[in-house]
Q: 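Sharing a structure here in structure tokens format.
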Amino acid sequence: MGCIMPTMIRVYIRSGLIGLLLACCFVAALLALDIAHLRHLVSSSSIGWLAVVMMVMFNTIVFAGVQFAITIMGQAEKQPPPDRGKRVSRIRQLAAVKAPAVEGRKR
């Protein structure tokens, strides 16, 4: 008997892998372009690899979450377009009203 993975689990795993790929590209770009001297900081420290691992891990969480949200929101049912009948204007026309001027009281 084969194991059939539910669709949402497959979507979640695929989103996680896409997020990991995007995070690796993003961190590689940060280090390649030496943004905020990160390449220097990572290469000059004995535990710079830990900073790279943490940047990849945390960016994976962010990018995977965004990818999953985009995928889920893209599955929403499309709403039918509005009817092309007569449109009723709901904006009321303002009319000028004359108001008598009242002189203020003096104390």
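The model shown is predicted, which means the values in this text are computed figures rather than measured ones.
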Q: What pairs meet the salt bridge (Lys or Arg N to Asp or Glu O under 4.0 Å) rule with one or both residues in residues 53-73, with sequence neighbours excluded?
A: none

Q: Quick one: hydrophobic cluster around I72, which other residues, with the 4.5 Å side-chain cut-off, linked directly or via members?
A: M8, V11, Y12, F68

Q: Once rounded to the nearest 0.5 Å, what's the spacing between atom CD of Q75 and atom OG1 of T7?
A: 9.0 Å

Q: Answer yes if I18 and M73 sit in the same cluster of Ile, Leu, Val, Met, Phe, Trp and Tyr residues linked by side chain heavy atoms under 4.5 Å apart, and no otherwise.
A: no

Q: Is there a side-chain contact between F26 and L22, using heavy atoms and a 4.5 Å cut-off?
A: no

Q: Please check if the number of heavy atoms outside M54 that lie under 6.0 Å from its CE is greater than 12.
A: no

Q: Working to the nearest 0.5 Å, report the span between CD of Q67 and OG1 of T60.
A: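 The OG1 atom of T60 is 12.5 Å from CD of Q67, to the nearest 0.5 Å.
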
Q: Kindly compute the distance separating OG (S43) from CH2 (W49), expressed to the nearest 0.5 Å.
A: 16.0 Å

Q: How close do L41 and A36 get, heavy atom to heavy atom, and via which atoms?
A: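 Of all heavy-atom pairs spanning L41 and A36, the closest is CD1-O, 4.3 Å.
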
Q: What distance do L21 atom CG and L17 atom CG have between them, rounded to the nearest 0.5 Å?
A: 9.0 Å

Q: Report, as yes or no, whether the 6.0 Å neighbourhood of atom CD1 on I47 holds more than 12 heavy atoms from other residues, nucleotides or ligands.
A: no

Q: Using every non-hydrogen atom in the two residues, find where A64 and G16 come nearest and quote the distance to one decimal.
A: CB-CA, 3.8 Å

Q: Are the side chains of L31 and V27 in contact, using a 4.5 Å heavy-atom criterion?
A: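 Answer yes - side chains close enough.
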
Q: Is it the case that one hydrophobic cluster holds both V66 and F58, taking links as side-chain heavy atoms less than 4.5 Å apart, direct or via other members?
A: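 No; F58 is not reachable from V66 via cluster members.
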
Q: Can you check whether H40's main-chain N or O pairs, donor with acceptor, with S44's side chain at less than 3.5 Å?
A: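 Pair found, side chain donor or acceptor close to backbone of H40.
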
Q: Test of understanding: with side chain to side chain contact (heavy atoms under 4.5 Å, CB included), list the residues that count as partners of R39, not counting sequence neighbours.
A: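 Checked R39 against side chain to side chain contact (heavy atoms under 4.5 Å, CB included); matches are D34.
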
Q: Between atom CD1 of I61 and atom CG of L20, what is the distance when rounded to the nearest 0.5 Å?
A: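 So the gap between those two atoms works out to 11.0 Å.
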
